[in-house]
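Worksheet: one structure, shown below.
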Amino acid sequence: MRPPQDNARAIFLIILIFWLATSPDSGPGLIAGPALIKSRVARQRQALGVLNSTQWGDFAPRLSDDPPETEPKYLNLTGFREEDGYVWEDLKRFKDRCEEWSKNAVGVPEAAEPVWQNATGVVHGSWQRINASLPRYHSSYNLSAISPSVSWAAPNSDWGRNVTGAEGKIMVRIEDNEDDETEPEKIDKLILDKAEIKARQVSGTINIDDIEGTGSGWEMRLHGVHWPRQGAMLLTTTSEKFAGVFGLPHLTTRPDFFESSQVLLNRSLDKALEQKERHTLLIEPWTSTLDAPSEAWNPTLHCEYLLYVQIHPLDQDILGVQPSLTGPENVAKAIQDVEDELRFPQGTGHRSIPRLQMSAVLFSPDCAFFLETKGPPAFAPADGIHLVGVKQEIFLYSVSTFLLGLAVIIFGQLQLLKMQMRETSTPSTLGRVSFNTCCMMLLADGMLFTGAAAWSFSASTTLLPSLAITCVSLLSMTIETFFLAEIHKVQEPEWRRQERERERQNAPANPTDTANPPNRQTPANTAPLVSTTPPIIIPSDQDIDAEIAEVETNNANATLPPPATAATATPSAQTLRAQLSNTFGSLLFLGICILFLSLAAASWRPSIRAAYFNTLLFGYLSLWVPQIYRNVHRNCRRALSWRFVVGQSVLRLLPIAYFYVVPGNFAFAEPDWTAFCALAGWLWVQIWVLAAQSVLGPRFGVPRGWMPEAWEYHPVLREDNIEAGGLPIGLVLSTPSSPTSSLERVRTGEEGSRGDKKRTNSTTTNTHVIDCAICREVLEVPVVRAGSDDPTAGGVSGVLARRAYMVTPCRHIFHSACLEGWMRFRLQCPICREELPPL
Ligand SMILES: *[C@@H]1O[C@H](CO)[C@@H](O)[C@H](O)[C@H]1NC(C)=O
Ligand SMILES: *[C@@H]1O[C@H](CO)[C@@H](O)[C@H](O)[C@H]1NC(C)=O
Ligand SMILES: *[C@@H]1O[C@H](CO)[C@@H](O)[C@H](O)[C@H]1NC(C)=O
Ligand SMILES: *[C@@H]1O[C@H](CO)[C@@H](O)[C@H](O)[C@H]1NC(C)=O
Ligand SMILES: *[C@@H]1O[C@H](CO)[C@@H](O)[C@H](O)[C@H]1NC(C)=O
Ligand SMILES: *[C@@H]1O[C@H](CO)[C@@H](O)[C@H](O)[C@H]1NC(C)=O
Ligand SMILES: *[C@@H]1O[C@H](CO)[C@@H](O)[C@H](O)[C@H]1NC(C)=O
Ligand SMILES: [Zn+2]
Ligand SMILES: [Zn+2]
């Protein structure tokens, strides 16, 4: 029998998978597809012909300050025509900005400083937006004229990637691959020193966060050309309304850039188109969206971008070139050495690697704005130093280090868990541990496992550390699952009993309840309880220590009586398994939902994204809350050892701390001390509550009546209760005025009145002295005098005084430490074998 929500879950999953599998292809489908692609490839062939047949200066659009008699020149390329209406009036301004940026960074072209030759790396920084000279709106464009045969999705709404705020953040990830096309095409390795690569194809991913404007962030892929000698790059988006990569040579700033890029693109685009003509379903290599298939069928409108990047020269102090050898050739040679050492480490000594720094200008020719990175000379270095980051090798190194550290942390968690499981091996101790706390740990480790496993599939450099994480978290998951199964086995009867009780409470008129846990000690309740269970006193030579030792050595849990299950029939193993797998199913479902939501969160606006992750982590770090609740609910404490609680808290907080407080973390997350302190403080508070529960009692400070009644092992003892039978056996012996038949038996069974002296130590309490049956040592019990009120009864000191002794429902009294030790193995009174409510 499957519960109905199980089916709902399955249906939801199927819908999710279906949606994921089908949503990209909402276009013309397979029949119209090939024809559509053919016509598109034909258009691109024509564009390549334009690229092939044009020269430097063929694209000279009308500038805003041009005299009217000058003859502007346009290209017959989508987006580059006069009638398309893009703001090419600002092309000169764009080129001027690029030249200026380069000059600020490396100096004049004739004496440019050497820079990194391999730009592969990650940089980030902030930008400011500058209006183009003329505004443009989406209504400024006649899309059916610009791209006649294309059906746009939602053509009349605002375009995507439309930056409106004055400032924001940007992250640029450059992939400068050795295997990409270069100009000249082939280099004779023997004369490598003389022949140099003039231009190389390059691609980059940029994330723009428009914090002040739309609040959104966009991720896009740009393709273009890298001129390694000069350290300049020009990248562009390409779409159905902008033939960016085909017109790219015309957007460069210098004739030599034009020539090298034209030759390079002529060849590489020709190759790409040839491949497309053969395999029509290939996606374009120059597409700018990351979910390329949907873009092919149903393109969405977004602003086009040109990105000019200038790599900055290296910090020569860090590079460590000798002062006598600071000529450009020597610096270039030193850079070459560092890059070789980074890529193919030979172990030639550790030295610090200079950072990767770039400045960038973005220009959107259709949405009419510039984005410029902030930094000197226009801004003080405190406001921004353009884009800074690290080269890929350094980035991967820090990722690997983080992953290895994470693996060690999970291993530590695993050790703590194993230690805790050794301590928590009996039904009585398992009954105290909160199932939900362990579920949260399992959920977190399971998600980590999923993430690490997925990462391992695509990781090359970080394969080993991510495999380590996968293995350790799998191990951790397995052991947690086992632990959960044990807890479930012990606690399941209790849950069923609660279920039945709820049902019974709903059904009226059934007051007597045999399965009820023993009630709090009130005169009305205890009197019948005592009279129905006359105490049976075991002979004093009963060797309780030996019995404990025997149980300790005999570690088979199966022989131990399950706690407090006498009233309920044991469920079959099959239903237990079914329930457990149901629980794990829910956890899996929850984990999948959180994973999908977190993936989706990557594209949310930054403030919402931060709020989402803070909330998620807050929920995760609330992991002791269920344990606190269980302590209160069951009136038990010391469920988990201190080493486990503190160790797990610290270990689980450490990876979070990396992203919240380490400034140069590889995710480029901004340090957020406030949020981190809130999270850590919340964890701290939970640990303190657990500590207070352990010292002052789990229900200290919780109003009575909030929680179901549970046996109070540390009651206030008062002499008034003698008549009602409320005082523990043995204590009442000194009071001659209350002889009852059961108490007479006590006198004969125990060693008589050996320890029954009565001492007065205050005006309100007497201290009775009695022997503890477990350790045979003296136990001093404060008893409140008849007729008086103990002022400390409700306070901390009263609570602490009462911690010394424990009174069982069968009215036997012991040292707390003795009875707690005993109850780890048996939930029976050591004297009369009466069943004890769990601690
Ligand atoms: C490029 O132009 C040359 C002539 O300038 C022509 O022979 C060649 O076929 C063209 N190639 C392409 C790919 O258009
Ligand atoms: C521009 O190219 C299209 C084909 O892509 C052609 O039909 C049109 O005549 C060309 N326009 C000019 C002005 O050359
Ligand atoms: C940029 O243009 C918008 C209107 O398109 C205007 O509201 C804004 O003030 C302009 N910003 C600057 C700095 O001129
Ligand atoms: C970009 O946003 C501005 C301000 O909201 C708007 O006026 C303009 O039409 C948008 N541009 C496009 C192309 O959607
Ligand atoms: C847009 O272009 C189409 C075809 O070139 C033309 O028929 C139509 O009138 C134009 N629309 C506007 C509003 O200019
Ligand atoms: C640059 O470095 C990366 C990472 O080591 C490497 O994959 C790439 O091939 C290198 N590119 C060049 C042009 O050497
Ligand atoms: C472009 O490539 C073709 C061969 O595909 C070649 O014939 C032509 O000369 C090239 N054009 C330029 C401008 O390099
Ligand atoms: Zn004792
Ligand atoms: Zn007893």
Side-chain angles (χ1 to χ4, degrees), residues 44-59 75 181-185 198-199 225 245-250 252 255-275 277 518 521 526 529-540 542-545 547-548 711 713-715 725 727-732 742-743 745-746 749-750 755 769-781 803-824 826-837:
Q44 287 161 349
R45 269 276 166 221
Q46 251 156 11
L48 182 60
V50 173
L51 167 78
N52 185 359
S53 59
T54 49
Q55 278 150 27
W56 175 245
D58 278 356
F59 184 54
L75 295 176
E181 292 277 335
T182 55
E183 158 62 29
E185 184 176 17
K198 286 195 204 134
V225 180
V245 76
F246 296 94
L248 186 135
H250 293 277
T252 57
D256 55 331
F257 282 177
F258 174 86
E259 260 157 43
S260 51
S261 59
Q262 187 193 30
V263 176
L264 171 64
L265 289 173
N266 180 23
R267 192 175 56 239
S268 65
L269 293 180
D270 184 42
K271 273 188 196 159
L273 283 179
E274 246 169 47
Q275 278 196 346
E277 276 152 356
Q521 193 179 30
T526 12
L529 196 120
V530 170
S531 62
T532 50
T533 56
I536 305 151
I537 312 299
I538 56 167
S540 53
Q542 168 88 31
D543 193 350
I544 289 165
D545 291 332
E547 197 167 337
I548 291 178
W711 176 253
Y713 275 104
H714 309 277
L727 267 193
I729 300 159
L731 288 183
V732 287
S742 70
L743 294 177
R745 246 186 292 162
V746 173
E750 277 187 87
V769 179
I770 188 173
D771 275 357
C772 167
I774 298 180
C775 67
R776 316 222 151 259
E777 301 283 328
V778 170
L779 168 58
E780 295 189 349
V781 185
R803 284 273 152 243
Y805 60 83
M806 280 173 94
V807 180
T808 64
C810 51
R811 302 199 302 140
H812 288 115
I813 186 161
F814 306 94
H815 285 123
S816 288
C818 297
L819 191 62
E820 278 177 14
W822 166 266
M823 283 172 78
R824 288 167 57 87
R826 290 260 158 114
L827 287 176
Q828 278 178 334
C829 173
I831 296 177
C832 66
R833 306 263 165 200
E834 190 75 12
E835 194 173 286
L836 296 177

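Counting starts at 1 for both ligands and their atoms, in listed order.
Angle ND1(H812) to the Zn ion (ligand 9) to SG(C832): 120° [nearest 10 degrees]. With the Zn ion (ligand 9) at the apex, C829 SG and C810 SG define an angle of roughly 110° (rounded to 10 degrees). Between C772 atom SG and H815 atom ND1, the angle centred on the Zn ion (ligand 8) amounts to 100° (nearest 10°).
You'll find the side chain of H812 stays beyond 4.5 Å of the side chain of V807, heavy atoms only. Taking 4.5 Å as the limit, some side-chain heavy atom of L819 sits within range of a side-chain heavy atom of P830. At least one side-chain heavy atom of R267 sits less than 4.5 Å from a side-chain heavy atom of E181.
The heavy atom nearest to atom 13 (C) of ligand 7, out of those in L51, N52, L48, is found in N52. The option from N266, L269, L264 that lies nearest to atom 14 (O) of ligand 7, judged by heavy atoms, is N266.
No salt bridge links E259 with K198; every basic N to acidic carboxylate O contact stays at or beyond 4.0 Å.
Taking a cut-off of under 4.0 Å to the non-hydrogen atoms of D270, the atoms of ligand 7 that pass are 5 (O).
Proximity of the aromatic rings of H250 and F258 is defined here by a centroid distance below 6.0 angstrom, and this criterion is met.
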